[in-house]
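Taking it in order: structure first as structure tokens, then the write-up.
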Amino acid sequence: MGNILLKNLKEELKDSIKKVISSEGDLSIDIVFSKTPDLKLGDIATPLSFELAKKQKRSPFEIAENISENISLPNGVEKIEISGGYINFFFDRKFFSNATIEKIVSEYELYGKGNKKNEKVMVEYSQPNTHKSFHIGHLRNVCLGDALANIMEFSGYQTIRANYIGDVGAHVAKCIWGYMKFYSGFIPEGNKGDFLGKVYSEADNKLKKSEIYDEEYREVLKKLYEEEKQTMKVWEMTREWSLEEFKRIYKELGIEFDIFFYESEVKDKGTKVAFELLEKGIAKNKEGAIVVDLIDHNLDEFVILRNDGTALYSTKDIALAERKFKDFKIDRSLYVVGSEQKFYFKQLFKTLEIMGFSQAKKCYHLSYELVMLEEGKMSSREGNVVLYSDLKKFVNKEAIKQVRERNISNAQEISEIVTIGALKYSMMKDNNKKIIFNWKRALDFEGDTAPYIQYAHARAAGILNKAECVKGKFQIDELSEKEYKLVFILSEFPEIVEKASIDYRPDYLSNYTYDVAKCFNEFYHECRVLNAKTNRDFRISLVRATKIVLNNSLMLLGISAPEEM
RNA sequence: GGACCAGUGGCCUAGUGGAUAUGGCAAUAGCCUCCUAAGCUAUAGGUCGGGGGUUCAAAUCCCCCCUGGUCCGCCA
């Protein structure tokens, strides 16, 4: 931990370069390294000479020459070359490979782990509404959020995974009205959560068409607000149905939360806070409602309580944030929520700042675009959604079919691992952009998919199983390009994790993991391992290191790495 | 009307100041007597939405325009 080989080499190189250029009095420049487009050109490069050329009014070539002639290269860097003005550095590749692979193998599951940060972070994600169906849009959220939490934790933050369930509000009342009106006393045998989703959609449809129905619904809404006994009983029962289904899904996905918050438990506190803010003069009364004036911040007015005194989304979120800061003592608060709420979160964070919470500056809204159907937006109301349960069922069917074509001992378990992996990966590999859902692609297990990566892992496992006693020590004769390319990408893992945590970008990990799998497959086809003529011990260790990195990065994505498939 | 996000080969996508623009799907041609063919190799496919500008260097930054999405609710 902490001592990252590739990163260290970069730091040492920076120092060496600075020593050369400082003799000419130029220290202010920030030295950056990039990968070379081709390993033939070197391992890492810097375009520093272009920047210096401008400042010093000399030719970049001359500057590069000067650096190249006067630099004392750190241990592990073998050669320096100038190419088109770039300064390219060549590592001592045997040394680098040796050190990298030994490090990975010895650190094992800790390889890539960041230093402990003295900071507590809470990630809030998967905020499903009870009494509505759980569809693939919710799936995207929970996958992203879980990966983010994993990454933060692995990067060294103390991390709390929070779920915030919407169990009150108009949609609940609609569903309960529909249930009492058309299904009173009925207890579905199968998936109770999906049943409620259908009841909700059906109720919403009928309510649009009848004023009498609408009156009845308002009555239910009122009774829920007043916590009338009979209605509350139905609420409790149906709420539990939804929660059971959610928990079943989380279990299936292998996702665990540290804490569940419910809207029902923060709404009263929120109302209190709204009045407190009013008293303190942070908020003001506007036509009976309570609003925070954010016009000077270019954020309009933020309504935090309705004029009838009932709670809004904002009412509850302010109370919940306060609870997170005060009771859980968190320093950093992350929210994984769809991008349509961007403006809302700006208002919320600004309000928290005005309320005096220093953590407000470390609040972050990880936003992502919706999962859409080819024909357009999904809507629980309309009922035109792809349910999570259906998607899982069909993907699993395909996985079972494919596993059966192979000779595998525990087909059931493997098909489940492939199914969940494929689902999660497809929801995370894009940079939070709009996803147009497509069945053909969802059932694809080749190319840039989780099964491709899992397969690479299983292959590595297969080799290691057959390699009798494995020596920890190895000698490297001649490094082939495929071998070294693989070593190099493995060495990048810690930096990728760090960047993903800084930028809050789980997709960095998805892309990286796929690249590792691809490199490994190329290596696999070109280099024999078990009956290798050269580098046998090294290759076995390289395979082991690859398996470790694949396993660690899949773990961050919440995807299982099978030993066989 | 104002604000934000996106636009990269037929389709999807990486890359947000550095070298010849990354991969996948689909297509074509190959590779299993050899550690798992959910794999590999090769071929073909590009006005990086358009136009200006800044820069030694632009898919990336600035301005204008086009297209799509979202927000500007006492909804969530």
Side-chain angles (χ1 to χ4, degrees), chain A residues 32 34-38 41 45-51 53-54 59-60 83-86 88 127 129 132 166 169-171 263 286-291 298-301 303-317 337-344 346-347 367 369-370 372 377 399 402-403 405-408 418 422 429-436 438 440-441 444-456 458-467 507-508 510-511 514-515 517-518 520-532 539-540 543 564-565:
Chain A
V32 290
S34 58
K35 271 171 99 166
T36 56
D38 191 317
L41 291 168
T46 177
L48 170 74
S49 33
F50 294 113
E51 275 179 75
K54 196 174 166 187
S59 92
S83 162
Y86 285 87
N88 296 342
Q127 308 87 336
N129 286 325
K132 274 191 183 180
H171 70 278
E263 285 187 28
K286 191 191 176 193
E287 295 156 22
I290 299 180
V291 305
N298 233 335
L299 293 170
D300 287 353
E301 281 174 333
V303 183
I304 59 171
L305 197 71
R306 283 202 189 92
N307 64 6
D308 65 1
T310 57
L312 282 155
Y313 193 48
S314 53
T315 320
K316 298 173 244 179
D317 253 335
V337 179
S339 61
E340 66 276 12
Q341 291 186 43
K342 266 187 168 171
F343 186 72
Y344 168 79
K346 278 187 187 162
Q347 291 182 313
S367 77
E369 301 280 336
L370 296 179
M372 312 242 293
K377 219 168 152 175
Q402 296 211 27
V403 169
E405 287 167 10
R406 286 149 240 261
N407 203 11
I408 282 166
V418 167
K429 67 175 180 160
D430 296 332
N431 178 14
N432 305 334
K433 291 198 290 196
K434 182 170 74 183
I435 293 178
I436 312 279
N438 174 309
K440 192 172 167 290
R441 227 171 288 146
D444 188 11
F445 297 156
E446 289 168 18
D448 188 6
T449 64
Y452 175 93
I453 301 165
Q454 292 171 317
Y455 185 66
R459 271 181 156 172
I463 292 175
L464 294 173
N465 271 337
K466 287 179 188 147
D507 61 303
Y508 287 175
S510 331
N511 288 326
Y514 173 70
D515 288 341
K518 181 147 183 65
F520 177 71
N521 276 331
E522 287 171 18
F523 158 82
Y524 178 93
H525 278 273
E526 198 176 288
C527 307
R528 305 263 88 202
V529 177
L530 295 177
N531 48 358
R539 284 180 186 173
I540 289 172
V543 172
E564 177 196 20
M565 70 183 269

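A note on names: the letters A, B, ... follow the listed sequences, proteins ahead of strands, and every chain is numbered from 1.
Of the possible polar contacts, none joining the Asp430(A) side chain to the Asn432(A) backbone as a donor-acceptor pair under 3.5 Å is found. Side-chain atoms of Thr46(A) come within 3.5 Å of backbone N or O of Val32(A) as a donor-acceptor pair.
Applying the 90° criterion around 0 to the glycosidic angle, C32(B) comes out syn.
Straight-line distance from the CZ atom of Arg459(A) to the P atom of C32(B): 15 Å, rounded to whole Å. The CG atom of Asp507(A) sits 15 Å away from the C1' atom of C12(B) (whole-angstrom rounding). Taking atom CD of Glu51(A) as the reference point, atom C1' of U55(B) lies 12 Å away to the nearest angstrom. The separation between Arg539(A) atom CZ and C34(B) atom P is 19 Å, rounded to whole Å. Rounded to a whole Å, the OH atom of Tyr524(A) is 14 Å from the C1' atom of C31(B). As a whole-Å value, the separation of Asn432(A) CG from A6(B) P is 11 Å. Asp430(A) places its CG atom 19 Å from the P atom of C5(B), with the value rounded to the nearest Å. To the nearest angstrom, C1' of A38(B) lies 11 Å from NE2 of His525(A).
The side-chain contact (heavy atoms from CB on, under 4.5 Å) test applied to Glu340(A) returns Leu370(A), not counting sequence neighbours. Remark: Asp317(A) pairs with Tyr344(A) by the side-chain hydrogen bond (donor to acceptor under 3.5 Å, both in side chains) rule, at least two apart or across chains. Taking the side-chain contact (heavy atoms from CB on, under 4.5 Å) definition, one finds that Ser34(A) meets it with Ala45(A), sequence neighbours left out. Shown here are the ring pair (Phe, Tyr, Trp, His ring centres under 6.0 Å) partners of Tyr524(A), two or more places apart in sequence or in another chain: there are none. Judged as a side-chain contact (heavy atoms from CB on, under 4.5 Å), and not counting sequence neighbours, the contacts of Gln402(A) are Glu398(A), Arg406(A), Phe445(A). Residues passing the side-chain hydrogen bond (donor to acceptor under 3.5 Å, both in side chains) test with Lys132(A), sequence neighbours excluded: none. With sequence neighbours left out, the side-chain hydrogen bond (donor to acceptor under 3.5 Å, both in side chains) criterion links Lys35(A) to Glu492(A). Not counting sequence neighbours, Gln454(A) has no partner by the side-chain hydrogen bond (donor to acceptor under 3.5 Å, both in side chains) test.
At least one side-chain heavy atom of Val337(A) sits less than 4.5 Å from a side-chain heavy atom of Gln127(A). Contact of the Glu369(A) side chain with the Ile435(A) side chain is not registered, since no non-hydrogen atoms from C-beta on lie closer than 4.5 Å.
Toward the 5' end of RNA chain B, the nearer of the two residues Ile408(A) and Lys54(A), judged by each one's closest nucleotide, is Ile408(A). Residues Arg441(A) and Asn521(A) each lie close to RNA chain B; by heavy-atom proximity, the contact nearer the 5' end of the strand is made by Arg441(A).
To the nearest whole angstrom, the two P atoms, one in G45(B) and one in C5(B), are 36 Å apart. Taking atom C1' in both U47(B) and A21(B), the straight-line distance is 14 Å, to the nearest Å. G30(B) and C35(B) are spaced 23 Å apart, taking the P atom of each and rounding to whole Å. Taking atom P in both A14(B) and G24(B), the straight-line distance is 15 Å, to the nearest Å. Comparing A27(B) with G9(B), their C1' atoms sit 13 Å apart, to the nearest whole Å. Only the C1' atoms considered, U67(B) is 15 Å distant from U8(B), to the nearest whole Å. Separation of the C1' atoms belonging to A59(B) and U22(B) is 12 Å when rounded to the nearest angstrom. A distance of about 13 Å separates the P atoms of A19(B) and U60(B), rounded to the whole Å.
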Along nucleotides 66-76 of chain B, 5' to 3', which nucleotides get a B, which get an S, and which get a -, given that the test is a protein heavy-atom distance under 4.0 Å?
--S-SSS-BSB

Can you give one letter per nucleotide of nucleotides 19-24 of chain B, 5' to 3': B if a protein heavy atom sits under 4.0 Å from the base, S if only from the sugar-phosphate, - if neither?
B---SS

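Residue contacts shown for Glu564(A) include a base, since a base heavy atom lies under 4.0 Å away. Residue contacts for Asn531(A): at a heavy-atom cut-off of 4.0 Å it reaches no nucleic acid atom on any strand shown. Nucleic acid contact class of Ala458(A) (heavy atoms, under 4.0 Å, all strands): base.
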Going by atom type alone, with no hydrogens or angles, which donor-acceptor pairs under 3.5 Å involve a side-chain atom of residues 308-315 of chain A and a protein atom two or more places apart or on another chain?
from      : atom 1 : to        : atom 2 : distance (Å)
Asp308(A) : OD1    : Thr310(A) : N      : 3.0
Asp308(A) : OD1    : Thr310(A) : OG1    : 2.6
Asp308(A) : OD2    : Thr310(A) : OG1    : 3.4
Thr310(A) : OG1    : Arg306(A) : NH1    : 2.8
Tyr313(A) : OH     : Gln341(A) : OE1    : 3.4
Ser314(A) : OG     : Val303(A) : O      : 2.7
Thr315(A) : OG1    : Ile304(A) : O      : 2.6
Thr315(A) : OG1    : Leu312(A) : N      : 2.7
Thr315(A) : OG1    : Leu312(A) : O      : 3.3

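Within the shown strands, nothing qualifies as a pairing partner of A19(B) under the Watson-Crick or G-U definition with both distances less than 3.5 Å. The base-pairing partner of G1(B), taking Watson-Crick or G-U wobble contacts with both distances under 3.5 Å, is C72(B). Summarising the base pairing, C25(B) is matched to G10(B) through a Watson-Crick or G-U wobble pair whose two defining distances lie under 3.5 Å.
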Nucleotides 2-4 of chain B: which of its N/O atoms have a protein N/O under 3.5 Å away?
none

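Taking 4.0 Å as the cut-off between side-chain N and carboxylate O, Lys429(A) and Asp448(A) count as a salt-bridged pair.
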